[in-house]
Amino acid sequence: MPAETATRPHAPRLRHTDRPRRGQRYPTFMRWVRKSHGWIGLWGAALGLLFGFSGIWLNHRAVLKLPPFSQQRINGQIELPGPAPASAAEMQAWLQAALGLAGPANAVRIEPARPVAWADKAASPAADTPAHAHDAPLMQPEHWVFSFGGPQALVQADYWRGNHSVGVTTTRSGLVGTLTNMHKGTGMPLAWILLVDTLAGSLILLSVSGVLLWMQTNPRRMAGAAIAGTSLALTLGLALARF
């Protein structure tokens, strides 16, 4: 009697329609883009309003004159002790104590000594002038500039090495002036600069994700491409134009 052959159940074949399609990843990606677009926009909403308002005022500051928010600038001189501070670091510490400022300088600019720009090197020497007197050009002394304070009140000290006094300019800003100083980063710490960098990156991501979302939801892609191309051409044209 022939032995009964054991029958094994055959595994169902994977049909073509059951395989993961590459196109199925696209809706998942777009859902991620939509969520990211919303969260990134929420992160930069407050800073976007600040930069938008101050940017409009800066762009039209010659026309939009707002007297209640104008800046107040006071110029003065402060005598140096004897002997005067020998280095920029010593000068910074002395200015902070002499002016009663809470923190050190936000920025220090040191311009080295150099020949004066208005020196006429082509002028012929006088007959009774020694020749070696014209070998060394007339030099402009070393220049130190210190910036203290923040966007609301900025103190700038200007010192030419060898002088017996320091020029001090105090600028106090109102609401609009403070916002524009924050826009430009005037007197702002490193943390603010890094925060603004995150806003700049957010604007890049919002631009890219906005274009992707528009392409998915709007069938008029040719019209969108025409608008984007016109905007890009106009921007490049104005940037490269010579007025």
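Hydrophobic clustering keeps Leu154 apart from Leu95 (ILVMFWY residues linked when any side-chain heavy atoms are closer than 4.5 Å, directly or through intermediates). Residues Val208 and Ile227 fall into different hydrophobic clusters, defined by Ile, Leu, Val, Met, Phe, Trp and Tyr side chains chained together at heavy-atom separations under 4.5 Å. Trp160 and Ile110 fall into different hydrophobic clusters, defined by Ile, Leu, Val, Met, Phe, Trp and Tyr side-chain heavy atoms under 4.5 Å apart, directly or through other members. Val166 and Val145 are assigned to two separate hydrophobic clusters, defined by single-linkage of ILVMFWY side chains at heavy-atom distances under 4.5 Å. Two different hydrophobic clusters hold Ile40 and Val196 under the rule that ILVMFWY side chains link at heavy-atom gaps under 4.5 Å.
Nearest heavy-atom pair, Pro85 versus Trp94, reported as atom, atom and distance to 0.1 Å: CG-CB, 4.2 Å. Closest approach of His183 and Ser54 over heavy atoms only: ND1-OG, 2.8 Å. Taking every heavy atom of both residues into account, Gln92 and Pro104 meet most closely at NE2-CB, 3.4 Å.
The OG1 atom of Thr169 lies 8.5 Å from the CD atom of Gln77; values are rounded to the nearest 0.5 Å. Interatomic distance, CG of Leu212 versus CH2 of Trp32, reported as 9.5 Å (0.5 Å rounding). Expressed to the nearest 0.5 Å, how far OH of Tyr159 lies from NE2 of His143 amounts to 11.0 Å. With rounding to the nearest 0.5 Å, the separation of OG in Ser36 from CZ in Arg31 is 12.5 Å. The CD atom of Gln156 sits 7.0 Å away from the CZ atom of Arg109 when rounded to the nearest 0.5 Å. Between the CD atom in Glu142 and the CD atom in Glu111 there is a gap of 9.5 Å [rounded to 0.5 Å].
With Arg34 contributing its side chain and Ser209 its backbone, the two residues share no donor-acceptor pair below 3.5 Å. For Thr235 (side chain) and Ser231 (main-chain N/O), a donor-acceptor pair under 3.5 Å exists by modelled atom type.
The aromatic rings of Phe51 and Trp192 lie parallel to each other, their planes meeting at an angle below 30°, with 60° marking the opposite boundary.
The side-chain heavy atoms of His164 and Leu80, taken from C-beta on, include no pair separated by under 4.5 Å. Contact check for Gln72 versus Thr170: no side-chain heavy atoms found under the 4.5 Å cut-off.
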Which side-chain N or O atoms in residues 198-206 pair as donor and acceptor under 3.5 Å with protein atoms at least two apart or in another chain?
{"residue": "Thr198", "atom": "OG1", "partner": "Leu195", "partner atom": "O", "Å": "2.4"}
{"residue": "Ser202", "atom": "OG", "partner": "Thr198", "partner atom": "O", "Å": "2.8"}

(request) Let me see the working for Val33 and Leu213 under side chain to side chain contact (heavy atoms under 4.5 Å, CB included), right down to the final yes or no. (result) CA-CA 8 Å; Val33 169; Leu213 290 173; 4.1 Å; yes

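Around atom NZ of Lys184, more than 12 heavy atoms belonging to other residues, nucleotides or ligands sit under 6.0 Å away. With a 6.0 Å radius and a threshold of 12 heavy atoms from other residues, nucleotides or ligands, Gln152 has its CD atom at or below the threshold.
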